[in-house]
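Here is the structure we will look at.
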Protein chains: 2
Amino acid sequence: MSEVPALATFQPLYQQIKTLLMQSLESGEWKPGEMIPAETELALRFKVSQGTVRKAIDELSAENLLIRRQGKGTFVASHQEPRSAFRFLRLTDDHGAAIVYQSQFLECRRLRAPADVAKWLELKTGDAAIMIRRLLLIGGSPVVLDEIWLPGTLFRGLTAEKLADYKGPMYGLFESEYGTRMIRADERIKAVAADEEAARWLKVNPGTPLLSVERVSFTYQDKPVEVRKGRYLTTQWHYHNELG
Amino acid sequence: MSEVPALATFQPLYQQIKTLLMQSLESGEWKPGEMIPAETELALRFKVSQGTVRKAIDELSAENLLIRRQGKGTFVASHQEPRSAFRFLRLTDDHGAAIVYQSQFLECRRLRAPADVAKWLELKTGDAAIMIRRLLLIGGSPVVLDEIWLPGTLFRGLTAEKLADYKGPMYGLFESEYGTRMIRADERIKAVAADEEAARWLKVNPGTPLLSVERVSFTYQDKPVEVRKGRYLTTQWHYHNELG
DNA sequence: TAGTGGTCTAGACCACATA
DNA sequence: ATGTGGTCTAGACCACTAG
């Protein structure tokens with residue numbers, strides 16, 4: 001007798017539920033900050049037990065897509081909430097002092113994507129892109145100089161004015177005004193010497209060692225939607241990382 | 001009628017089980033690389049359901065203390081296994097090439113802990129400590145210069161010879177020969193200019209920007225057991241980090 | 001074939017937040 | 001008092017590994 005071979009396509013039920021939940025998130029059925037239906041209700045909708053829904057939500061919660069609050073409900077994570085506002089910025093004061101950032105936007109232009117940016121964003125060289133340059137200040141001192149590239153199609157109408165007017169983190173603006181939510185990012189860190197321009201903005205001598213932080217951010221489906229090239233001044237601050 | 005107040009000491013059963021499991025790990029009842037008893041057996045031992053044991057193991061597995069292998073069993077994680085051998089080293093080739101490291105030990109001495117090291121290791125200034133200096137090479141080129149400090153009491157008899165003779169990652173030696181297992185670590189990253197000594201070993205000019213990576217590693221109970229000051233040459237390699 | 005972890009269920013009850 | 005997520009159980013069955 002021939003056996004039915006185990007199909008490579010086997011997927012646990014809770015994984016399928018997880019996929020369905022992610023689709024609802026991506027489609028905007030539940031928006032950032034909103035509460036999603038109760039576990040029991042989702043169990044009814046999907047015709048599975050509560051435990052199965054629970055496991056799916058557990059994973060989405062571990063991936064920072066959902067936030068559980070006992071007694072209240074489960075909510076769609078948002079970059080506008082303090083909990084995850086500066087989740088991607090790993091800069092810390094050397095002595096543990098609280099850090100309050102201030103943004104200063106230097107430039108916001110619509111350009112054609114250069115080759116390296118196009119590659120990271122999975123565009124064609126020359127496609128429309130938006131380039132933002134800004135300075136992050138701590139207590140009035142410039143600390144980070146960022147050059148940010150976004151796909152032009154996703155961020156039509158983004159201007160320096162809108163950036164400057166918005167209260168809260170930039171990723172909060174991106175998710176509420178442009179429907180693009182940053183979920184995860186990869187960073188490549190190097191030590192480099194400050195060039196003339198970075199030196200000018202960061203008020204240091206050219207040649208001063210700076211941290212070069214190149215970030216590619218992804219939204220749902222692992223789609224790259226932002227490239228960011230940062231220069232960090234690390235005399236009084238450092239990039240903090242936890243290894244598990 | 002007065003109600004019994006909810007005690008602040010409430011702890012879920014699975015958390016208590018988790019603590020018991022960690023105690024068995026710390027005491028060496030199950031050693032790195034060994035298999036721990038089956039879930040059903042642990043459930044019997046602790047007089048709880050399998051699901052409760054399961055949740056405890058789930059968390060320990062997420063923290064990289066245990067490794068589950070379906071069909072085989074659950075094993076104590078070990079720095080000697082390829083999976084977690086270089087888990088704490090985040091250096092990556094710029095073009096994604098595979099990296100093969102080679103260690104060159106420059107120095108291993110028993111000294112009195114300087115103030116800053118003592119503070120991180122929770123020792124008293126002047127307590128016995130071991131200082132190791134070593135070079136990491138990739139394809140024959142020096143890339144990382146490390147200065148490593150360990151508490152003298154935990155690593156009696158550690159010599160340059162033992163370090164050089166050992167095959168495999170240093171943390172593997174620490175866990176098998178000295179019974180100290182590194183579980184997690186904090187890193188502080190800055191950009192600095194190469195001093196004379198770093199420049200000599202890394203074969204660059206003094207003043208070249210280098211990554212300064214200061215690490216404090218912890219074993220069970222969040223006890224600090226290693227301080228490491230690294231200088232990374234990041235011309236052809238970078239420190240890679242994933243933000244979730 | 002036997003043993004292990006992995007999935008799924010149904011139901012009971014607890015802890016927390018809010019009205 | 002009600003609704004939410006959080007815990008715990010007991011049992012059935014599936015998928016993977018190895019002898």
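Keep in mind that what you see is a predicted model, and the values were worked out from it rather than measured. Sequence lines set the chain letters: A, B, ... in the order given, protein chains first and strands last, and positions in each chain run from 1.
- Taking 4.0 angstrom as the limit, B:Thr52 places a side-chain polar atom (N or O) nearer than this to OP1 or OP2 of D:dT9.
- Side-chain contact between B:Leu91 and B:Phe86: absent, with no pair of heavy atoms (C-beta onward) separated by less than 4.5 Å.
- At least one side-chain heavy atom of A:Arg68 sits under 4.5 Å from a side-chain heavy atom of A:Asp58.
- Checking the phosphate oxygens (OP1, OP2) of C:dT7, a side-chain nitrogen or oxygen of A:Lys55 falls inside 4.0 Å.
- For B:Arg68, the listed nucleotide lying nearest its side chain is C:dG6; candidates were C:dG6, D:dG5, C:dC8.
- Looking at the side chain of B:Leu13, the nearest of the listed nucleotides C:dT7, D:dA15, D:dT9 is D:dT9.
- Note on B:Thr40: nothing from the nucleic acid sits closer than 4.0 angstrom, heavy atoms only.
- Distance, A:Ile57 CD1 to D:dG5 P: 7 Å, rounded to whole Å.
- With C:dT9, D:dT9, C:dG6 as the choices, the nucleotide that has an atom nearest any side-chain atom of B:Glu39 turns out to be C:dG6.
- In this structure, the OH atom of B:Tyr14 is 8 Å from the C1' atom of D:dG6, given to the nearest Å.
- Checking D:dG6, C:dT18, D:dT9 against every side-chain atom of A:Gln70, the shortest atom distance belongs to D:dG6.
- Going from atom CE of A:Met35 over to atom P of C:dA17 covers 14 Å, rounded to whole Å.
- Pairing for D:dA15 goes to C:dT4, judged as Watson-Crick or G-U wobble with the two contacts each under 3.5 Å.
- Taking only side-chain nitrogens and oxygens, B:Arg69 never comes nearer than 4.0 Å to OP1 or OP2 of C:dG5.
- Between A:Lys18 atom NZ and C:dT7 atom P the separation is 12 Å, expressed in whole Å.
- Side-chain atoms of A:Arg87 come within 3.5 Å of backbone N or O of B:Gly244 as a donor-acceptor pair.
- For the pair B:Lys47 NZ and D:dA10 C1', the interatomic distance rounds to 18 Å; values are reported in whole Å.
- Regarding contacts with the backbone of C:dC16, every side-chain N or O of A:Lys72 stays at 4.0 angstrom or more from both OP1 and OP2.
- Of the possible polar contacts, one joining the A:Glu175 side chain to the A:His79 backbone as a donor-acceptor pair under 3.5 Å is found.
- Computed from coordinates, the B:Phe10 CZ to C:dC13 C1' distance equals 11 Å when rounded to whole Å.
- B:Arg181 places a side-chain N or O within donor-acceptor distance of the main-chain N or O of B:Ala77, the cut-off being under 3.5 Å.
- Heavy-atom nearest nucleotides on DNA chain C were determined for A:Gly51 and for B:Ala38, and the one closer to the 5' end corresponds to B:Ala38.
- Taking atom CD on A:Gln11 and atom P on D:dC14, their separation rounds to 18 Å, with Å as the unit.
- At whole-Å resolution of the value, CD1 in A:Ile36 and P in D:dT4 are 12 Å apart.
- At the phosphate of C:dG5, OP1 or OP2 sits under 4.0 Å from a side-chain N or O atom of B:Thr74.
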